[in-house]
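Written out below as structure tokens is the structure these notes cover.
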Amino acid sequence: MPELPEVEVVRRGLERWVSGRTVAAAEVFHPRAVRRHVPGAEEFVSRLRGRTVGTAQRRGKYLWLPLDGSDAVLAHLGMSGQLLVTDPGSPPEKHLRIRLSFTDGGPELRFVDQRTFGHVLVTALADSAGRPVPEPITHIAADPFEEHFDAGVFARRLRARQTEIKRALLDQSLVSGIGNIYADEALWRAGLHGARPTERLTGPKIAELLDAAREVMSEALEEGGTSFDSLYVNVNGESGYFDRSLAVYGRRDLPCRRCGTPIVRESFMNRSSYSCPRCQPRPRGLRTPGRAGP
DNA sequence: CCACACACCTGTGCGC
DNA sequence: TGCGCACAGGTGTGTG
């Protein structure tokens with residue numbers, strides 16, 4: 001379940017191991033892995049041959065490798081995607097989907113993905129929110145660590161939404177990089193229940209929430225990325241498993257680290273939300289599912 | 001334009 | 001032992 005910190009760990013790995021090298025050949029082992037590459041798998045392969053990779057880039061949960069010229073290889077890891085740097089001769093992984101070899105005969109880059117929610121494609125770059133990004137992700141908002149991220153614009157757009165705060169945090173067109181785990185953690189730090197209506201949040205509270213999101217993701221990044229199962233592996237194949245910094249996620253019935261109240265799990269958007277019922281009281285009245293408004 | 005439900009996937013763990 | 005099912009959940013698409 002890679003979110004921003006995990007993806008950043010992968011980006012750093014790509015920058016170290018892949019940037020500056022020239023692709024000798026690409027192979028696609030599963031068509032679903034390149035389903036977003038509109039011209040098809042064969043074109044994907046021919047488009048990559050002989051191209052030299054620039055400095056690895058990231059926005060939110062998306063990664064890309066600029067190519068000489070004006071396009072880039074774009075990747076999203078989805079739920080279970082991994083980018084592995086491996087010895088050229090090593091045996092194929094069970095869920096190996098794409099392999100890139102390089103002209104220097106050095107390590108290969110492999111895209112391995114069990115659940116096939118992730119994908120890779122080659123695309124042109126376009127301008128978005130102050131910098132060039134791959135065309136298919138121009139609708140993805142800047143993440144909170146980008147230089148051009150505008151907290152004022154974020155607060156204004158957030159309050160204009162008629163929705164709940166956790167939904168908004170997960171909306172990558174509003175702010176990118178935050179997934180289910182760090183959304184819960186940021187909400188806990190800010191003392192907000194995920195069902196709080198966005199329209200009634202104050203400017204200072206939104207700023208506090210944004211700071212909390214930045215903090216929790218920075219801390220996870222320092223620890224090498226967080227993930228809740230063994231599926232997430234960084235670019236060198238090492239597990240990014242780490243959960244010491246998590247205060248609520250996956251901690252049902254365990255004591256809140258702030259007040260000791262047992263953490264509760266609630267179902268939300270077909271997934272789990274964890275919160276402290278004392279530190280993060282559920283809003284009363286309006287837009288509580290199954291209840292009439294005042 | 002906006003909000004939301006749902007499809008897309010596979011492996012794991014649990015109850016019966 | 002094996003079967004069925006809930007669960008993990010990010011994103012694009014379709015619907016109202």
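Convention: sequence-line order gives letters A, B, ...; per-chain numbering from 1. What you see is a predicted model, and the numbers here were worked out from it, not measured in a lab.
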What N/O pairs connect the protein and nucleotides 12-16 of chain C at under 3.5 Å? Give each pair on its own line.
residue, atom, partner, partner atom, Å
dG12(C), OP1, Tyr62(A), OH, 2.8
dG12(C), OP2, His139(A), NE2, 3.3
dG12(C), O3', Arg36(A), NH1, 3.4

Under a 3.5 Å distance rule, please check whether [X] uses its side chain to pair with a backbone N or O of [Y] as donor and acceptor.
{"X": "Thr198(A)", "Y": "Arg161(A)", "answer": "yes"}
{"X": "Glu3(A)", "Y": "Tyr182(A)", "answer": "yes"}
{"X": "His193(A)", "Y": "Pro281(A)", "answer": "no"}
{"X": "Arg21(A)", "Y": "Trp17(A)", "answer": "yes"}

Salt bridge or not for [X] and [Y], using N-O below 4.0 Å?
{"X": "Glu147(A)", "Y": "Arg131(A)", "answer": "no"}
{"X": "Glu8(A)", "Y": "Arg11(A)", "answer": "yes"}
{"X": "Arg282(A)", "Y": "Glu266(A)", "answer": "yes"}
{"X": "Asp68(A)", "Y": "Arg51(A)", "answer": "yes"}

Using whole Å, what does the distance between atom [atom2] of nucleotide [N] and atom [atom1] of [X] come to?
{"X": "Leu77(A)", "N": "dG10(C)", "atom1": "CG", "atom2": "P", "value": "12 Å"}
{"X": "Asp113(A)", "N": "dA8(C)", "atom1": "CG", "atom2": "C1'", "value": "14 Å"}
{"X": "Asp171(A)", "N": "dC4(B)", "atom1": "CG", "atom2": "P", "value": "10 Å"}
{"X": "Leu63(A)", "N": "dT11(C)", "atom1": "CG", "atom2": "C1'", "value": "16 Å"}
{"X": "Arg97(A)", "N": "dC9(B)", "atom1": "CZ", "atom2": "C1'", "value": "9 Å"}
{"X": "Arg265(A)", "N": "dC7(C)", "atom1": "CZ", "atom2": "C1'", "value": "8 Å"}
{"X": "Arg252(A)", "N": "dA8(C)", "atom1": "CZ", "atom2": "P", "value": "9 Å"}
{"X": "Leu169(A)", "N": "dG10(C)", "atom1": "CG", "atom2": "C1'", "value": "15 Å"}

What does the list of N/O pairs under 3.5 Å between the protein and nucleotides 11-13 of chain B look like, with a distance for each?
residue, atom, partner, partner atom, Å
dG11(B), OP1, His95(A), NE2, 3.4
dG11(B), O4', Gln114(A), OE1, 3.2

To the side chain of Lys61(A), which of dA8(C), dA3(B), dG10(C) is closest? dG10(C)
Touch check for Arg35(A), heavy atoms < 4.0 angstrom, all strands: base, sugar-phosphate only, or nothing? nothing
Under 4.0 Å between a side-chain N/O of [X] and OP1 or OP2 of [N], yes or no?
{"X": "His76(A)", "N": "dG10(C)", "answer": "no"}
{"X": "Thr116(A)", "N": "dT10(B)", "answer": "no"}
{"X": "Gln172(A)", "N": "dT11(C)", "answer": "yes"}

Axis-to-axis angle between the two ends of the helix from dC2(B)-dG16(C) to dC16(B)-dG2(C) (five base pairs per end, rounded to 10 degrees):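 Result, rounded to 10 degrees: 50°.
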Taking only residues two or more places apart in sequence or in another chain, which ones pass ring pair (Phe, Tyr, Trp, His ring centres under 6.0 Å) with Phe102(A)? none
Can the positive tip of Arg258(A) be found less than 6.0 Å from the middle of the six-membered ring of Trp188(A), inside 45° of the ring normal? yes
Output all residues satisfying salt bridge (charged side-chain N to carboxylate O under 4.0 Å, His left out) with Glu108(A), sequence neighbours left out; order by chain, then residue number. Arg99(A), Arg110(A)
Decide yes or no for Arg97(A) and Thr116(A): does some side-chain heavy atom of the first lie under 4.5 Å from some side-chain heavy atom of the second? yes
Check the side chains of Ser176(A) and Lys61(A) for a donor-acceptor pair under 3.5 angstrom, ignoring hydrogens and angles.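 There is no such pair between these side chains.
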Supply the atom-to-atom distance Leu187(A) CG to Ile178(A) CD1, rounded to the nearest 0.5 angstrom. 9.0 Å
Sort me out a list of protein N/O and nucleotides 5-8 of chain B N/O pairs below 3.5 Å, or just none if empty.
residue, atom, partner, partner atom, Å
dA5(B), OP2, Arg167(A), NH2, 3.4
dC8(B), O3', Arg32(A), NH1, 3.0

